[in-house]
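Below, chain A is the first sequence line, B the second, and so on; all start at residue 1.
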Amino acid sequence: MKILQLHLNFIEYRPVEKEISLAEDIEPKTYRLDELVALFTCVEKGDTTETARRAIDEVRAFLNKVKVNRVLIYPYAHLSSDLASPSEAITILREMESYAKLLGIEVYRAPFGWCKEFSMSVKGHPLAEQFKSISAEGEAVKEEVVSKALEAEEKIKSYWFILKPDGEMVPVEKFDFAGYENLRKFAAYEMAKSRAVHQQPPHTLLMKKLELADYEEASDPGNFRWYPKGELIKSLIEEFVTEKVIEYGALKVETPVMYDINHPALASYFHRFPARQYIVKSEDKELFLRFSACFGQFLMLSDAQISYRHLPLKIYELTHYSFRREKSGELAGLRRLRAFTMPDCHALCADMEQAKEEAIKRLKLSIEVLEGIGLTRDDYEMAIRFTKDFYESNRDFIMSLVKIFGKPALIEMWEERFFYFVLKWEFNFVDNLDKASALSTDQIDVENAERYGIYYVDERGEKRTPLILHCSPSGAIERDIYALLEKAYKVYKSGGVPMLPLWLSPTQVRVIPVSGSFYKEAESLVREIAEHRIRVDWDDRPLTMQRKIREAEMEWIPYIVVIGGEEISSQLLTVRDRRLKGGQKLRKMRLEELIDEIKRETSGKPFKPLTLPAALSKRPRFRG
RNA sequence: GCCCCGGUAGCUUAGCGGUUAUAGCAGCGGCCUUGUAAGCCGCGGGUCGCGGGUUCAAAUCCCGCCCGGGGCUCCA
């Protein structure tokens, strides 16, 4: 017996005409049921009333789980090629019905032998769609989940290890995590993934308080608004990542954000995860919003003429945005969004040797990028995932990844390949709630070149399929900001002073005149500093100096310069340095020294002006 | 999507069946103006998330929806 079990919002069906003479008598009107579990049932040769009862026992366990007590038994022959005879089938279906009634289930049965039309709405939770195969012999009942991805997940067998930089591979349960607290948390999160935390993630409070970003109720959940300061930080990181990837040698392109659901090259991708897409209905077609830059770039590459001389060929796009309609309960501040900004760099490689060589370069690139953004190796943990086959023939390569990273890494090894890649690594940030999320990642893809018809021509003039690496050197930009804010909060929690890297601080220098009589001097100081491409502003509001300093500190401003009579007569500035503690906070320095110090510390990083007025009295408040 | 928790002024919040719904910060008006984390006085400001219901009476109780947080699950 085969049962397609669906948890429904509703179903409507209408018997249209009898298909066989044995068909049951019934009034041919429209029947409707709400909030139920439908059992599309196919009776096979060899099924008995015993099979029927066992099937209902199975179903009842599920009903308890989803707290539903209404069931529709719907004869559905299309699930098997080994059907029982109609008379047997009717008997068994009736047995299911009466046994279910006996168990106190509210049960309905659609008529057998009719051609019926029906429409229904299936619920969206992971257990809503299940396929059951109930055997006649009474052996264990198999339960399969219909979604291909979930099916793959079931088959997957993972073996977890810690790989040390010296090359030793230790099963996770035998590894001594002393001194590797962060790695322990990461491993625990990856392997168990169940942890009850009832706390607002700290970064969501900070993103509002610092006027960086906020929820936008008028949009879909997980689509954010960005205030001027947040937009500045975000676009600075975007530009930095882009500069680094271009320096690495990638070709920067731009591709559409939406694609035709019915395009042959994309259909298989789309239909694999239809519930995760945003759909846009246009005049005569349906389009889905991209969840990564893969399609656009692959379609472009499949039209390109590529020679082995061009390889490795690197292509890059910064997606504004990528869309993933994550389930509402999965969204979390800037950590998990439905619309996010994702650098995506692919590399076509001639063969595995070239792919490995290139992967090493990209690993180093990713470390540099995170370092530049302000995350050191203490802030993230490495995971490497691969198939057993790949491991056996590429041990040295895997070791070298860990050696470059320089800390023990979490290893997940799969018995067989069910994704499109043979290896992938990630850097994962562990936050204040002990949640881990991936930042940088790279994958070795052995499948998509063929699927998209991407070829290169080798030395002998023959068409060959390249390998494709998929790398995001920083991960989603929003997630980088999440990591910076969570890191700042960690510092704060342990008694330190939270701040952003100088090159990302919206205001780098705040000038505060001691009183109204020094506004002129303050303004000209601001002009002078701004000429050096430093983000400087000044507090011209009618408040006390103490108050202005307090507010500048609450904005995490790295340098606060107070200007009054002393500074003007001595030609020395009094600079309050956020990084210093207590009595040491105040430094006496010449203007040129301050400028030099800032230029030195921000060298190699992009600069953008803050799009807010330099005079604070002219600034609106976006929040509180 | 399901389960649990929450939503009161721009922000943080008191009130949790019974006068005209608290307060601080912010905003606006005025006063005050020299040394490193909150100067003083006054004035505005509320569809108590939205919709429905129960009640003589609802911010308060019930139902549905929206938004946020957490969990389940998932992350191509």
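Of the two residues near RNA chain B, A:Thr204 and A:Arg338, the one whose nearest nucleotide lies more 5' is A:Arg338. Comparing A:Thr544 and A:Ser515, the nucleotide of RNA chain B nearest to each residue sits closer to the 5' end for A:Ser515.
Separating the P atom of B:A9 from that of B:C50 is a span of 10 Å, rounded to the nearest Å. Using C1' as the reference atom, B:U12 and B:C74 are 35 Å apart when rounded to the nearest Å. B:C62 sits 37 Å from B:A26 when the C1' atoms are compared, rounded to a whole Å. Nucleotides B:U20 and B:G52 are separated by 23 Å at their P atoms, to the nearest Å. One C1' atom belongs to B:G6, the other to B:A59, and the distance between them is 15 Å to the nearest Å. For the P atoms, the distance linking B:G1 with B:A58 amounts to 32 Å, nearest Å. Between B:G49 and B:G10, the two P atoms lie 13 Å apart (nearest whole Å). As rounded to the nearest Å, B:C61 and B:A14 have P atoms that lie 15 Å from one another.
Nucleic acid contact for A:Gln546: sugar-phosphate only, since backbone atoms but no base atoms lie under 4.0 Å from a heavy atom of the residue. Residue A:Ser437 is classed as having no contact, given no heavy-atom separation below 4.0 Å to the nucleic acid. Among the atoms of the strands shown, base atoms are found under 4.0 Å from some heavy atom of A:Glu330. Within 4.0 Å (heavy atoms only), A:Pro221 reaches sugar-phosphate atoms of the nucleic acid but no base atom. Backbone-only contact: A:Ala332 has heavy atoms under 4.0 Å from sugar-phosphate atoms and none from a base. Within the 4.0 angstrom heavy-atom criterion, no nucleotide atom of any strand lies near A:Ile512. Among the protein residues, A:Glu567 comes within range of the nucleic acid bases, having at least one heavy atom under 4.0 Å from a base atom.
Of the candidates B:G35, B:C67, B:A37, B:A37 carries the atom nearest the A:Ile549 side chain, counting heavy atoms from C-beta on. Minimum atom distance to the side chain of A:Phe518 is reached by B:U34, of the listed B:U34, B:A38, B:A76. Closest to the A:Met545 side chain, of the nucleotides B:C74, B:A37, B:G35, is B:G35. Distances were taken from every side-chain heavy atom of A:Pro542 (C-beta onward) to each of B:C32, B:A37, B:U36; the shortest belongs to B:C32. Minimum atom distance to the side chain of A:Glu553 is reached by B:A37, of the listed B:C11, B:A37, B:C74. For A:Val514, counting side-chain heavy atoms from C-beta on, the closest listed nucleotide (B:G35, B:C75, B:U36) is B:G35. Proximity note for A:Thr574 (side chain, C-beta onward) versus B:G70, B:U36, B:A76: the nearest is B:U36.
Spacing between atom CZ of A:Arg510 and atom C1' of B:U36 amounts to 14 Å, rounded to whole angstrom units. The distance between atom CE of A:Met342 and atom C1' of B:A76, rounded to the nearest whole Å, is 12 Å. The nearest whole Å value for the distance from the CD atom in A:Glu521 to the C1' atom in B:U34 is 13 Å. Rounding to whole angstrom units, CG of residue A:Leu337 and P of B:C67 are separated by 15 Å. Between the CG atom of A:Leu6 and the P atom of B:G1 there is a distance of 18 Å, given to the nearest Å. Remark: P of B:G35 and CG of A:Leu572 are 20 Å apart, rounded to the nearest angstrom. For the pair A:Tyr420 OH and B:A76 P, the interatomic distance rounds to 7 Å; values are reported in whole Å. Rounding to whole angstrom units, CD of residue A:Glu566 and C1' of B:U36 are separated by 11 Å.
Geometrically, A:Lys209 does not engage A:Tyr489 in a cation-pi contact, judged by NZ or CZ lying under 6.0 Å from the ring centre and within 45° of the ring axis. For the pair A:Arg290 and A:Phe295, the NZ or CZ position fails the cation-pi test of under 6.0 Å to the six-membered ring centre and within 45 degrees of the ring normal.
Each of A:Ile444, A:Val446, A:Ile454 was compared with A:Ile468 under the side chain to side chain contact (heavy atoms under 4.5 Å, CB included) criterion, and only A:Ile454 meets it.
A donor-acceptor contact under 3.5 Å is formed by the side chain of A:Arg576 with the base of B:A37. Side-chain atoms of A:Glu551 stay outside donor-acceptor range of the base of B:A26, with no qualifying N/O pair under 3.5 Å.
Taking the six-membered ring where the residue is Trp, the centroids of A:His320 and A:Phe340 are separated by 6.0 Å or more. Ring centroid separation for the pair A:Phe421 and A:His470 does not come in under the 6.0 Å cut-off. Ring to ring, A:Phe622 and A:Tyr227 are close: their centroids are under 6.0 angstrom apart.
By the 5.5 Å and 30° criteria, A:Tyr215 is not stacked with the base of B:G68.
OP1 and OP2 of B:A37 both lie 4.0 Å or more from every side-chain N or O belonging to A:Arg547. Remark: A:Arg621 is not in phosphate contact with B:C25, judged by side-chain N or O atoms under 4.0 Å from OP1 or OP2.
Remark: A:Glu553 does not engage A:Arg547 in a salt bridge, criterion side-chain N to carboxylate O under 4.0 Å.
To the nearest 0.5 Å, atoms CG (A:Leu212) and CG (A:Leu485) are separated by 6.0 Å.
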Given Watson-Crick and G-U pairs under 3.5 Å, RNA chain B in dot-bracket ([ ] crossing, | other strand) is ((((((((.[[[..)..(....]]].(((((.......))))).....[[[[[..)....]]]]])))))))....

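Looking at heavy atoms from C-beta onward, A:Phe291 lies out of side-chain contact with A:Ser322 at the 4.5 angstrom threshold. Inter-residue side-chain proximity for A:Ser440 and A:Ser472 is flagged as unmet; no heavy-atom pair is nearer than 4.5 Å.
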